[in-house]
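One structure is given below, encoded as structure tokens.
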Amino acid sequence: MSLGLFIQLLVNALTIGSIYILMVLGLDIILRGTKILNFAHGQLYMLGAYVLFLFFQTLHLNFALSLVLSGASLALIGALSYLGIFAVLSRRFTVSTTFSYILLLSAMASVGLMMILQQGTLLVFGTQERGIQSPLPQIIDVFNVRISLMRLIIIFLSLLICICLYLLMYKTTFGKILRAVSYDPEAVTLQGINTSWVFVSCFALGSALAGLAGGIIAPLFSVTPSMGQNIIFMSFLVLLVGGIGSYRGTIAGGLLVGLLLSFGFQFMGGIAELFVFMLVIIILVFRPGGLLGEAAE
Amino acid sequence: MFLEVKDLIVHYGKAEVIKGLSLKVEEKEIVTIIGANGAGKTTTLRTISGLKTPSRGEVWFCGGKISGLKAHKIVRLGISHVPEGRKILAPLSVMENLEIGAYLRKDKKEAVAGFKNIFDHFPILNERRKQIAGSLSGGEQQMLAIARALLNQPKLIMMDEPSTGLSPLVVEQMGLIITDINSRGISIVLVEQNARMALNLAQRAYVLEAGKCVLEGEASAMANDQRVKSAYLGG
Amino acid sequence: MKLPNNGANHKTNRYKLLAIIIAVAALVVLPFCIESGYIKHLIIMACIGTILGMTFSMLYSAGLITLGAAAFYAVGAYTSTVLVMYAGLSFWVALPLTVMISAIMALGFGALFVRNAGVAFVIISLIFAQVIVIAIGQAEFLGGWGGIIGIPRPDSLGPVEFATKHDFYYLILAFLLLVVVVYTALYSSRIGRAWRAIKLSPNLAGTLGINAYRYRLLAYVIGSTTAAVAGCFYAHYFQNITPGAFSGWLSIYVQLYAVLGGLEFYILGPAIGAVIMTFVPEYLRVVKEIEPIITGILLLIIILFFPGGILGTIRNSANVSFEGFDARVKKIKASLTGKR
Amino acid sequence: MVLLKIRNVTKIFGGLIALRDVSFDVNKPEILGLIGPNGAGKSTLFNIISGFHSADKGKIIFKDEEINGLRVDQIASSGIGRIFQEPTLFMQESVFENVFSGFHRRYREPVWKAVFYTSGAREEEVTKKKRALEILEFMDLISARDELAANLPHGRQRALAIAIALASEPDLLLLDEPVTGMNPSETMAMIEKIRRIRETGITVLIVEHDMRAIMSLCDRIVVLSLGIKLVEGPPDKIKEDERVIEAYLGKQVV
């Protein structure tokens with residue numbers, strides 16, 4: 001393999017890997033904070049892309065502002081979905097409700113949300129692909145390898161968002177409360193904190209991350225109604241590989257799956273996904289909690 | 001009346017665990033609720049702090065009815081609950097635990113002063129501030145839980161079995177901490193299995209048996225009461 | 001079949017038996033009452049849906065939530081197609097072979113998947129279903145994404161030629177009844193009891209000596225094999241298959257069947273759910289574009305307000321009204337005796 | 001005869017020592033009480049014996065076989081039954097079905113015969129059904145046999161938990177707080193039941209906070225405090241032991 005090809009594939013791996021990481025961080029925050037396995041996450045990602053399309057391509061706002069608006073709109077959509085669906089649902093659960101029942105019902109509720117968002121988008125925007133003019137169409141030369149600048153920007157932006165998220169979760173009281181709630185909501189209530197709002201924030205934050213992921217990737221690929229369905233499977237896979245409840249695991253898992261897919265597609269073609277899946281199963285056999293996760297469940 | 005519990009009845013599922021309990025706490029007083037396991041002590045505290053809704057009966061605090069309010073609202077009124085098993089946030093650092101405890105203090109300066117105050121009283125927590133709370137020893141975890149409750153600036157602290165699982169030396173230390181907190185004008189409801197320590201600290205005591213109060217009165221008088229012993233050891 | 005139906009008197013058992021006989025008779029004469037071939041087709045699809053829904057319920061009865069019911073449906077369809085078209089076997093030879101092959105596959109994969117009950121199993125089952133679709137799409141000899149066309153009908157069995165929807169209906173009805181009988185037998189045997197025990201309280205089940213892993217694996221293998229049989233039928237009924245027909249949406253619909261009918265009703269629940277979910281969307285076709293939205297809203301309404309599903313809601317309201325009735329009778333009796 | 005040997009069992013949870021070097025024997029057939037203040041390690045020991053945890057050090061020998069480290073269902077199959085402290089039942093099933101589930105390990109006919117419902121399996125079901133009714137009769141639950149377990153009052157749920165354990169025909173029965181939360185008359189009835197269970201040859205190891213119950217019921221008592229075995233002996237001796245009183249009530253302040 002030539003160095004050029006290697007760099008090309010590496011950049012591709014980092015691009016998709018960083019998108020997975022953003023997706024899975026969102027999934028994980030929602031799952032641990034609110035105990036919802038969010039099947040609508042792919043649709044939130046898709047909506048993020050459409051919102052960017054709307055602001056950037058149609059209204060000609062600048063790219064950074066459009067991206068921020070993507071995140072913010074998705075946070076709003078997430079919060080409204082939580083209040084409209086999951087908050088209502090959680091009122092039925094009591095102390096004695098089993099975890100698996102909560103998981104089943106909330107996962108199925110998220111499936112309902114998924115169907116509504118998916119078809120709703122299809123109705124509003126139609127089935128055709130929407131191209132977004134890349135804000136940075138330049139191609140740069142690295143060791144005689146042609147790499148689109150946008151890919152590097154995507155990696156950079158993802159890294160930036162991860163750093164912001166880290167600062168939010170570890171340096172602000174709000175983030176500390178989010179982390180605390182996923183460990184023990186009752187102890188948090190006893191400090192005078194209204195946990196209902198914390199749950200809403202968890203869902204909103206997770207949704208915003210999905211929206212940002214969709215917005216960032218939109219200029220690289222075109223925006224289609226099916227983009228959400230395609231990414232959700234791999235996101236779940238990354239969630240399992242990395243381990244639920246571990247940020248480092250998520251990042252490691254995202255990069256690993258990104259590398260495997262990028263190099264796999266080059267050398268194996270379409271069966272790369274199968275290969276990745278089998279690998280994940282093998283990892284889970286030996287490490288049921290994922291690579292770096294806390295105990296399973 | 002500072003805190004008053006009137007004819008409380010509480011169910012856990014089908015089981016009636018509190019069967020008509022009434023009790024009162026005056027300002028600046030230490031009151032202890034003692035009794036064997038399963039007598040309903042923990043449930044009483046959980047009901048007062050709003051974690052559990054009573055089937056019947058009322059709880060009044062500083063002239064307002066608080067039963068039926070959500071737990072976080074009750075904390076804001078000035079009742080801090082140090083729950084059974086400490087319930088510290090194990091994956092977070094000691095300092096982060098304290099910061100969450102100081103959530104109600106909106107003023108930054110005030111919060112910093114609060115931390116300083118805490119570290120004056122619990123120097124060990126200052127030493128361990130960067131450490132993960134789950135790695136503390138039992139006694140240190142208990143101190144953290146109490147410190148966290150103090151940061152809410154409560155008028156009343158309810159402590160559920162602060163001596164559980166601690167060695168005798170640490171239990172004694174805990175006793176000193178409780179007296180110290182009380183000397184700052186904070187009322188304390190102390191739920192304990194370690195009756196002698198509790199009766200030693202408290203001014204008044206309630207003895208619970210099977211969800212009912214079987215004995216109440218001056219703590220000092222109760223320390224040698226044969227009935228207390230029988231409530232534990234079956235006489 | 002349900003032996004320890006203790007305390008239920010013989011009369012209710014007799015009514016139950018009568019109801020079952022009437023239901024089976026009605027199913028047998030059903031196609032004679034219907035003219036439209038299209039409706040017959042929908043009925044056949046509802047039967048397939050019922051079988052798939054029952055596999056979801058079986059796993060749910062053992063505490064496993066699967067979102068991959070379509071996985072072995074696809075495996076069955078493609079295995080049988082390959083055996084018939086490439087190996088030249090008769091459908092009636094391919095069918096038992098398909099059962100065997102998918103059972104072995106389910107045992108192998110299940111042994112890995114079932115280790116992680118809970119969230120991990122939900123995710124793995126979903127991804128596995130998707131991976132099967134991708135695998136088939138990638139496989140040239142399985143026709144790739146274009147699928148396989150011209151799959152032969154089942155060979156005729158005596159006078160039955162499988163040329164009409166009628167014949168296919170009776171074939172799927174036979175499958176369906178077989179599955180119902182086998183599942184009922186399993187549920188009422190100690191296997192079913194062990195499954196429910198694992199679901200209701202894994203800890204207590206453990207202290208009674210029930211090996212949760214082994215029983216969950218058993219449920220996975222049986223459920224997967226059943227889905228494979230349904231897939232086998234589907235391939236030879238439709239006579240062409242594409243990977244797209246087995247996508248993740250199908251699994252979600254299957255789960256919806258069970259939830260809509262009532263999760264606690266392992267057999268009747270999926271049946272009612274499948275019938276409704278097959279027919280209602282057809283009559284919503286005027287508004288085809290918003291059909292999934294309506295389905296989604298329907299799903300949310302059930303989960304949020306009728307968690308017992310249709311049957312559960314009916315049972316609860318029936319209980320309430322019976323209780324009310326009892327109370328009234330007692331009141332009247334009391335007033336009568338009071339007067340005397 | 002020694003049924004269960006606990007030898008030098010140590011268990012550490014995240015740096016905190018829950019049990020330290022605990023050793024004692026359970027003889028057949030006796031009622032042995034395990035008491036101690038909260039946090040003494042009684043529940044941990046129960047969880048180790050029944051396989052929910054494994055000991056970090058030490059041995060658990062049941063019927064001359066090491067069982068430490070086996071799975072919960074393996075230990076149950078070797079003849080140890082238990083009831084939990086929290087009401088743990090198959091809540092959405094009838095009382096009768098609950099007891100029936102207890103027979104899981106006690107079928108002679110192979111499972112495929114049960115599914116095909118052969119005559120042998122049918123006979124076995126009939127005998128098991130009879131046995132289930134006997135157990136319900138014994139635990140005074142016969143009148144509630146068609147009710148959902150979730151709808152039973154607290155006291156009867158405890159009785160049902162024991163009934164399920166009895167159906168699994170254990171040699172050793174671990175009872176975790178069987179009378180806690182019961183009124184005095186229910187407690188008396190339960191004590192009488194436990195005595196009669198012992199009379200059928202089942203050894204009972206019991207954790208309970210109701211001291212009146214434990215003192216009147218047990219042949220011997222083991223006292224744990226802060227993970228250490230404090231004393232072991234007959235109830236009369238335990239009641240008077242200064243160390244025990246101190247463990248419960250705290251140090252006498254001079």
Side-chain angles (χ1 to χ4, degrees), chain A residues 28-29 31-33 87 90-98 101 165-202 243-250 289-290 292-297, chain B residues 11-15 45-46 48-53 69-106 108 111 132-134 141 144-145 147-154 157-158 160:
Chain A
D28 191 51
I29 286 172
L31 177 60
R32 284 197 302 149
S90 67
R91 253 177 249 152
R92 262 224 324 280
F93 301 143
T94 61
V95 190
S96 57
T97 314
T98 57
Y101 188 71
L165 186 69
Y166 172 82
L167 293 176
L168 177 74
M169 295 305 267
Y170 286 85
K171 298 295 168 197
T172 68
T173 311
F174 173 71
K176 286 164 193 171
I177 291 172
L178 285 193
R179 279 158 59 217
V181 147
S182 55
Y183 177 71
D184 187 345
E186 196 176 283
V188 175
T189 311
L190 285 179
Q191 307 314 315
I193 297 162
N194 186 350
T195 41
S196 322
W197 284 108
V198 183
F199 292 142
V200 177
S201 317
C202 269
I244 295 162
S246 160
Y247 298 116
R248 275 181 300 162
T250 297
L292 293 166
E294 296 157 11
E297 282 184 49
Chain B
H11 283 84
Y12 258 108
K14 294 263 152 189
L45 292 199
R46 288 177 68 85
I48 295 173
S49 68
L51 294 174
K52 187 93 186 95
T53 324
L69 288 183
K70 291 223 171 106
H72 64 93
K73 293 240 165 92
I74 293 178
V75 181
R76 292 171 188 188
L77 292 174
I79 301 182
S80 273
H81 182 182
V82 183
E84 190 183 22
R86 300 164 194 134
K87 290 251 177 188
I88 56 153
L89 299 161
L92 275 64
S93 75
V94 170
M95 197 57 207
E96 286 173 333
N97 267 273
L98 293 175
E99 279 165 30
I100 288 176
Y103 174 78
L104 289 182
R105 299 199 178 190
K106 291 296 171 214
K108 260 264 158 88
I132 296 299
Q141 289 190 4
L144 177 59
R148 200 174 58 176
L150 279 172
L151 282 168
N152 295 329
Q153 292 181 302
I157 293 191
M158 304 194 292
D160 199 343

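Reminder, nothing fancy here: chain letters follow the sequence lines and each chain counts from 1.
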Review point. Under 4.5 Å between any side-chain heavy atoms of Tyr103(B) and Ile177(A), yes or no?
Key: yes

Check your understanding: So what's closer than 4.5 Å to chain A heavy atoms on Leu89(B): side chain, backbone, both or neither?
Key -> both

Point to revise | Donor-acceptor pair, side chain of Ser80(B) and main chain of Ala149(B), under 3.5 angstrom | key: yes

Check your understanding: Have Asp28(A) and Thr250(A) got a donor and an acceptor in their side chains that come within less than 3.5 Å?
Key -> no

Point to revise | Best-contacting candidate, Gly101(B), Ala71(B), Ala90(B), against chain A by heavy atom pairs under 4.5 angstrom | key: Ala90(B)

Review point. Is Glu84(B) paired with Arg46(B) through a side-chain N to carboxylate O contact shorter than 4.0 Å?
Key: no

Practice item. With a 4.5 angstrom heavy-atom cut-off, could you sort out which part of Ile88(B) is near chain A: side chain, backbone, both or neither? Key: backbone

